[in-house]
Amino acid sequence: MSYTVTIEPLGASFDVAEGQTLLDGALRHGIYLPHACCHGLCGTCKVRVVDGEVNHGDASPFALMDLERDEGHCLACCATPEGDVVIEADIDEEPDQRPIPLRDFSGRVAALQDLTPTIKGVTIALDGDGLDFQAGQYVNLGWPGLAQPRAFSLANAPADGRLVELNIRRVPGGEATGYIHERLQVGDPVTVSGPLGRFFVRKSDPQPILFMAGGSGLSSPRSMILDLLHTDGDTRPITLVYGARNRAELYYHEDFVELAARHPNFRYLPALSEPTADCAWDGATGFVHDAAWTLFDGDFRGHKAYLCGPPPMIESGIRTLMKGRLFERDIHTEKFLSAADAAQQSRSPLFKNL
């Protein structure tokens, strides 16, 4: 049995199977709905049902309050239709976004690399024709015995989607990341679903680009930068400000130094927030937003900014960019959320769309 879902004001309609969520149905038809955690915790995918009935599923009462349910709201990542439904969603038009349907892939682990003491590089060879995606998007990764797939950003350029690279930070006490760091082996079977997310470069905008990243949040900017420089041959000024705690946690450093040497339009500034004597570090110190402020002399006007990392880094980055006279239309973010993060916060209180 299937039901028809209509999204207003788009006027787009698609069919979903019984038990399939509104979000999954939309994404598999190449229709974007705002979303983040995909576990009913953050509230980013909140939509309003204007006709028909849905089952709310496992939506958190904090992300979807009883009053909101009474007003017809639901979380698209959890809600399943109980018949034909019409929903209202706040979807901004993005001319640079490609409508790529969500697909499921099988594959095997092709390579594993300890990028830092806490970040594992995982390369997966996919079966079939490979994953089509925009640089900056993410996938859901699963394997036999894992109840709920986990989301990880893609770190490679989209040129050859048959191999996908993930940078996976070990979350203290995390079941899935603990398995990846301790037990996952080359040759193990995995599943990949994607692409997901709306974090991508607005290539039609000619403004210089500023990337700010922290920790394993470097995945998406790396994919974007490689795509811009290698695939597109982009010549606009591109800056990456990347922060890590110490030298051991600073990864892909030599690669970015080499990219900057080969591409005059690319500038790379690494910063360590907690350098030790063993780091032998003579570069920038402090947090990412402070390093960016110093580099740009407090003036970010005329740039497109893309921020990726843990929520505190994103919030600090937004405040710094605001102070430097850059505003919502030119700031795009991807918060690196764990389940605990998603349960506590969703969007920045500073902007509607961040």
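Note that the structure is predicted; figures quoted are calculated from it, not measured.
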Could you tell me whether a side-chain N or O of [X] sits under 3.5 Å from a main-chain N or O of [Y], the two making a donor and an acceptor?
{"X": "N140", "Y": "S193", "value": "no"}
{"X": "N55", "Y": "A79", "value": "no"}
{"X": "R170", "Y": "I180", "value": "no"}
{"X": "R150", "Y": "Q148", "value": "yes"}
{"X": "Q134", "Y": "R98", "value": "yes"}
{"X": "K46", "Y": "A63", "value": "yes"}
{"X": "H181", "Y": "I168", "value": "yes"}
{"X": "H303", "Y": "R301", "value": "yes"}
{"X": "Y242", "Y": "G215", "value": "yes"}
{"X": "R69", "Y": "L64", "value": "yes"}

Going hydrophobic residue to hydrophobic residue with side-chain gaps under 4.5 angstrom, can you get from [X] over to [Y]?
{"X": "I100", "Y": "Y32", "result": "no"}
{"X": "W293", "Y": "M313", "result": "yes"}
{"X": "V47", "Y": "V85", "result": "yes"}
{"X": "L272", "Y": "L240", "result": "yes"}
{"X": "L307", "Y": "Y252", "result": "no"}

Taking atom [atom1] of [X] and atom [atom2] of [Y], what is their separation to the nearest 0.5 Å?
{"X": "H39", "Y": "S60", "atom1": "NE2", "atom2": "OG", "result": "13.0 Å"}
{"X": "H253", "Y": "E258", "atom1": "NE2", "atom2": "CD", "result": "12.5 Å"}
{"X": "I87", "Y": "D51", "atom1": "CD1", "atom2": "CG", "result": "12.0 Å"}
{"X": "R319", "Y": "K323", "atom1": "CZ", "atom2": "NZ", "result": "12.5 Å"}
{"X": "L112", "Y": "T123", "atom1": "CG", "atom2": "OG1", "result": "8.0 Å"}
{"X": "H35", "Y": "L75", "atom1": "NE2", "atom2": "CG", "result": "13.5 Å"}

* To do: Anything under 30° is parallel, anything over 60° is perpendicular, the rest tilted; go ahead and classify F300 against F296.
  => tilted
* Over 60° means perpendicular and under 30° means parallel, so classify the ring planes of F266 and Y268, tilted if in between. => parallel
[X] versus [Y], closest heavy-atom pair with distance:
{"X": "T191", "Y": "W143", "answer": "OG1-N, 4.3 Å"}
{"X": "P81", "Y": "V16", "answer": "CG-CG2, 3.4 Å"}
{"X": "C279", "Y": "R247", "answer": "SG-N, 3.4 Å"}
{"X": "E334", "Y": "I314", "answer": "O-CD1, 3.9 Å"}
{"X": "A271", "Y": "G286", "answer": "CB-O, 4.0 Å"}
{"X": "L228", "Y": "F211", "answer": "CD1-CZ, 4.1 Å"}

* Asked: Is it true that D299 and R325 have a side-chain N and a carboxylate O under 4.0 angstrom from each other?
  -> no
* Asked: Does the distance from a Lys or Arg side-chain N to an Asp or Glu carboxylate O, for R103 and D129, drop under 4.0 Å?
  -> yes
Side-chain contact, heavy-atom cut-off 4.5 Å: [X] with [Y]?
{"X": "D232", "Y": "K203", "result": "yes"}
{"X": "L196", "Y": "L27", "result": "yes"}
{"X": "R28", "Y": "D24", "result": "yes"}
{"X": "P34", "Y": "C45", "result": "no"}
{"X": "L218", "Y": "Y251", "result": "yes"}
{"X": "V122", "Y": "L184", "result": "yes"}
{"X": "V139", "Y": "V164", "result": "no"}
{"X": "T239", "Y": "I209", "result": "no"}

* Asked: With clusters built from Ile, Leu, Val, Met, Phe, Trp and Tyr whose side-chain heavy atoms come within less than 4.5 Å, directly or transitively, what are the remaining members of the cluster of L67, listed by chain and number?
  -> none
* What about the rings of H332 and F200, do their centers lie closer together than 6.0 Å? -> no
List, one per line, each side-chain donor-acceptor pair under 3.5 Å for residues 8-15, sequence neighbours excluded.
from: S13; atom 1: OG; to: T6; atom 2: OG1; distance (Å): 2.9
from: D15; atom 1: OD1; to: T4; atom 2: OG1; distance (Å): 2.9

Taking atom [atom1] of [X] as the centre, does the number of heavy atoms from other residues, nucleotides or ligands within less than 6.0 Å exceed 12?
{"X": "E53", "atom1": "CD", "result": "no"}
{"X": "R245", "atom1": "CZ", "result": "no"}
{"X": "D70", "atom1": "CG", "result": "yes"}
{"X": "R262", "atom1": "CZ", "result": "yes"}

* Do S216 and N167 pass the side chain to side chain donor-acceptor pair (under 3.5 Å) test, and can you show the C-alpha distance, the side-chain angles, and the key distance before you say yes or no? -> CA-CA 6 Å; S216 57; N167 302 160; over 6 Å; no
* Go through the steps for L210 and K304 under the test side chain to side chain contact (heavy atoms under 4.5 Å, CB included), then give the verdict. => CA-CA 6 Å; L210 166 61; K304 272 283 186 187; over 6 Å; no
Test item: side-chain donor near acceptor, [X] and [Y], under 3.5 Å:
{"X": "S2", "Y": "E18", "answer": "no"}
{"X": "T116", "Y": "E249", "answer": "yes"}
{"X": "Q97", "Y": "R198", "answer": "yes"}
{"X": "N156", "Y": "S223", "answer": "no"}

